[in-house]
Protein chains: 2
Amino acid sequence: MSETSGTTANSTGIGSTRVAAYLREAILGGELKPGDRIRQEEVAERLGASRLPVREALRMLEAEGLTEHEAHKGARVPRLSPHEVDVVYRMRERLEPLALAESLPQLGPDEHAQLAEVQQRIEDNEDLEKFLDLDREFHMLTYSGCQIDPLMSNVTRLWNSTQHYRRAFVALGGRSRMWVVNSEHRLILDAVVRRDADDGERFLGGHIRRTRIELSHHPEVFG
Amino acid sequence: MSETSGTTANSTGIGSTRVAAYLREAILGGELKPGDRIRQEEVAERLGASRLPVREALRMLEAEGLTEHEAHKGARVPRLSPHEVDVVYRMRERLEPLALAESLPQLGPDEHAQLAEVQQRIEDNEDLEKFLDLDREFHMLTYSGCQIDPLMSNVTRLWNSTQHYRRAFVALGGRSRMWVVNSEHRLILDAVVRRDADDGERFLGGHIRRTRIELSHHPEVFG
DNA sequence: CCTCTAGATTTTGGATCCAATCGGTGTCAG
DNA sequence: CTGACACCGATTGGATCCAAAATCTAGAGG
């Protein structure tokens, strides 16, 4: 998948969106870790593009909270302190219930079925690595009815910026926490199907809060 | 103020940060309104730069919520629907009290004095246009102790994206609302000086909520 | 008279080259 | 032997030119 270009190397641009997609996956996938520097020419060469679309891509990713920039010093994957991660979770605690409340009325039987299916896949899943993506898919699906861009882009940023620490936490906490997570997902799913916004906000808020508290007991995540 | 360059026009780049600053002021100042298209070459020519730093600047502003991009269609100042603005205010209601709570313990006598001085200037002020900036200055000062970047950048985005509608609202509501706003500011200021985070969150949340409700009664703001 | 289409213009996206700034290393003075 | 300064490589920022996509306009056909 890496050799997007290969033969091309010609006509016109590789596309800054493609470069952005490549880097996005690299960061969310864990190949690029917080603190890692991203050299323009390196990724340009790897993708067979010039440095210009890379520059644009880095700026796009900055808007998504995946990179940070400093003039003449280049781009890095942001590193968050334990306290910063804690505050991001507090932000999620407050914002995501709002997104859920906005989304709920827009979700129909199709989305409900899809949600149940994803949740089932989470429970059947054994791969810790897969869990990350499935969990994200579940929550994002519950928000999929929320059309408010300023809200959804913020929520996405919060997930993005803590992705690395979520991964470390999942790898660490192992399967013991899974049971709790799945119970809470079931409660959220039930509230969604019942279209009960109050319950949804309550359960979701609690879900995120408990995760935050658990996380605060595991400083080794920030190794 | 427009001719940032003037004499320069030489050596090397005008600087994407300078272009960004120019556009930022133009948007926040109201010269560029929601829905307005921003042509790269136009601002490049006006500032005596090439189009490249303009492109970078537009991407920076996108990260601040001041512009939006669509491939091959260029940049625009985002236009928000009444409901979107309402939701942004709900986001502020939830996020800014958190920022205040994070900030409070870090604020000392110097900041307290500065806050009181700004609030006094607001009350002495007669110019509706100035009110916008002063109000923003007051609130941002109360958050100035919050060092959490993911939080502060989000708060800034929320203020940015609704700046135009705030302006229209202030111009409309006129002086009658000012009295209420100032009373609420005094309450917030008092809580800050007393370092009472609970009161601060309460008063600030109410302040934003009441503004949101007032705003929802004035659909003419969205012309 | 309206509409759909095809060409021309405008505008954005990308590649290459050049300038400025940052980081590291080596040398010289104290 | 240690610290400061200067130089050199590496990396980012900017300008110019070219290609592609979108928008606008004009003309033909219904």
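Numbered from 1 within each chain, the chains take letters A, B, ... in sequence-line order.
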Salt-bridge test for [X] and [Y]: reply yes if a basic N is under 4.0 Å from a carboxylate O, no otherwise.
{"X": "E62(B)", "Y": "R59(B)", "answer": "yes"}
{"X": "R94(A)", "Y": "E93(B)", "answer": "no"}
{"X": "E129(B)", "Y": "R167(B)", "answer": "yes"}
{"X": "E201(A)", "Y": "R209(A)", "answer": "no"}
{"X": "R76(B)", "Y": "E70(B)", "answer": "no"}
{"X": "E64(A)", "Y": "R157(A)", "answer": "no"}
{"X": "E41(A)", "Y": "R55(A)", "answer": "no"}

Could you tell me how far apart [X] ([atom1]) and [N] ([atom2]) are, to the nearest whole angstrom?
{"X": "R39(A)", "N": "dA10(D)", "atom1": "CZ", "atom2": "C1'", "result": "9 Å"}
{"X": "R51(A)", "N": "dT16(C)", "atom1": "CZ", "atom2": "P", "result": "12 Å"}
{"X": "R37(B)", "N": "dT23(D)", "atom1": "CZ", "atom2": "P", "result": "7 Å"}
{"X": "E41(A)", "N": "dA10(D)", "atom1": "CD", "atom2": "C1'", "result": "10 Å"}
{"X": "L52(A)", "N": "dC17(C)", "atom1": "CG", "atom2": "P", "result": "14 Å"}
{"X": "E56(A)", "N": "dT12(D)", "atom1": "CD", "atom2": "C1'", "result": "15 Å"}
{"X": "D36(B)", "N": "dT11(C)", "atom1": "CG", "atom2": "P", "result": "15 Å"}
{"X": "E45(B)", "N": "dT12(C)", "atom1": "CD", "atom2": "P", "result": "13 Å"}

(Q) If the helix axis at each end comes from five base pairs, how far does the helix from dC1(C)-dG30(D) to dG30(C)-dC1(D) deviate from straight, to 10°? (A)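 Rounded to the nearest 10 degrees, the bend comes out at 20°.
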Q. With a non-hydrogen cut-off below 4.0 angstrom, is I38(A) in contact with a base, only sugar-phosphate, or nothing?
A.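 Sugar-phosphate: the residue I38(A), judged by heavy atoms under 4.0 Å, touches backbone atoms but no base.
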Q: Ignoring the backbone of R55(B), work out which of dG13(C), dT12(D), dA15(C) is nearest its side chain.
A: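 Closest nucleotide to the R55(B) side chain: dG13(C).
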Q | Nearest-nucleotide pick for Q40(B), side chain only, options being dT12(D), dT12(C), dA15(C) | A |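 The answer is dT12(C).
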Q: Could you list by number each residue of residues 63-78 of chain A showing a heavy-atom separation from DNA chain C of less than 4.0 Å, or answer none if no residue does?
A: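 Only H72(A), K73(A) qualify.
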Show me the side-chain donor-acceptor pairs of residues 30-39 of chain B shorter than 3.5 Å, one per line, residues at least two apart or across chains.
residue: K33(B); atom: NZ; partner: G30(B); partner atom: O; Å: 3.0
residue: D36(B); atom: OD2; partner: K33(B); partner atom: N; Å: 2.9

Q: Report the residue from R92(A), H207(A), E96(A) that forms a side chain to side chain donor-acceptor pair (under 3.5 Å) with H139(A).
A: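 Only match with H139(A) under side chain to side chain donor-acceptor pair (under 3.5 Å): H207(A).
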